[in-house]
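Here is the structure we will look at, set down as structure tokens.
Every value quoted in this text rests on a predicted model; they were computed, and no experiment measured them. Just follow the structure's listing: the first ligand is 1, and inside any ligand the first atom is 1. We count residues from 1, following the sequence as given.
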Amino acid sequence: MPTVAVFDTKPYDRDYLSAAAKVAGLTCRFHEFRLDADSAAIAQGADSVCIFVNDRADAPVLEKLHSLKIRHLALRCAGFNQVDLPKARALGLTVTRVPTYSPHAVAEHTIALLLALVRKIPRAHNRVRELNFSLTGLVGFDLHGKTAGIIGTGQIGRLAAQILRGFGMKVLAFDPVPSSDWAAAHDVGYVTLDQLLPASDVVSLHLPLTPETHHLVNSSALSRMKPGVVLLNTSRGRLIDTTALIAALKTGHVGGVGLDVYEEEAGVFFEDLSGTVLADDELSRLLTFPNVLITSHQAFLTQEALTEIARVTVENIRRNAAGEPALPGSSL
Ligand code: NAI
């Protein structure tokens, strides 16, 4: 029975991976700590190693895994910037990922952030719990009739756009690789970024982080957005220059922000830090704004997405052990 050493696990990972492993006939050895140069040795005796977004699979770690006769690294996520792929190839280590799980999960969470922000739900909820039934300060606005700008119309951006069309919003989109048939079918208009930014009441980011898109939302982009704009980011933290965002929030130019990702989220998001002192001054500042709503990279966290992540990860491990090719789109 193939054995997999699974790093950086939380209870929900263990539940879903255990269920899938049982079906596939795999043995999982779960570890709560992350994979790094110090922890790699614990993988001894395993056939595969399974990691998540904040594990480190750099050259020294990969060499250590190779020396332990590990021949397969299974990523239980889509992104792979945590892996030194050239080194993995040089060592003959197979690397697989889960290319897609539930784009609906991420699109729906984006809309959850938007509705909570524009209708001030967290504030209202906190008030009512304290028996404060006053409505003062809770005036929101209708999404119907407003304009949303979707930056990146891949799997998630397209779904988010369709949901917003359902609210009766006008939807503009920018993507260097437009999906013209889809846009025509859903009455979405492709425009340039320069046209999208000043025209949108809501701007939502659904594009990957690359050297070109790093700090796409900087002080220049923010200044071109409509006053009072609501900005949503469920993609990658480094798409936004946090310092510039805080400045735009302080002047009131940005009317609301919903973030599921943050530039410096590693070591903070996914962890219970209650009772400790938060050392990140910019995150602390963001948390003081009444019009900023932050979730801890949880847009993917649905039963459907976790089931699919576990199914694909475990199937790739089984296939690797059986000498079969990985599932389509999984090999890196
Ligand atoms: P996708 O690959 O299907 O689509 C990305 C789109 O962005 C493509 O159409 C591409 O042409 C476009 N794009 C690339 N460069 C661009 C640019 N400079 N300007 C505008 N568009 C550009 O990706 P998918 O699956 O829709 O994911 C979107 C984002 O969501 C990614 O950043 C991904 O990392 C993130 N994500 C976040 C999760 C969460 O839990 N918060 C979970 C899963 C994905």
field: salt bridge (charged side-chain N to carboxylate O under 4.0 Å, His left out) contacts touching residues 233-247 (sequence neighbours left out)
entry: R238-E264
- prompt: So which protein residues pack against ligand 1 under 4.0 Å, heavy atoms counted?
  reply: Y101, V106, I151, G152, T153, G154, Q155, I156, F174, D175, P176, V177, H206, L207, P208, T213, T234, S235, R236, D260, H297, A299, F300
Inter- and intrachain pairs under side-chain hydrogen bond (donor to acceptor under 3.5 Å, both in side chains), touching residues 323-332, at least two apart: N316-S330, R318-E324
- request: Let me see the working for D194 and R224 under salt bridge (Lys or Arg N to Asp or Glu O under 4.0 Å), right down to the final yes or no.
  value: CA-CA 8 Å; D194 280 341; R224 283 178 283 148; 2.3 Å; yes
N132 atom CG, neighbour heavy-atom count above 12 within 6.0 Å: yes
query: With under 30° as parallel and over 60° as perpendicular, where do the rings of F33 and H31 fit, or are they tilted in between?
result: parallel
query: Going by the side-chain hydrogen bond (donor to acceptor under 3.5 Å, both in side chains) test, which pairs reach into residues 98-107, not counting sequence neighbours?
result: T100-Q155
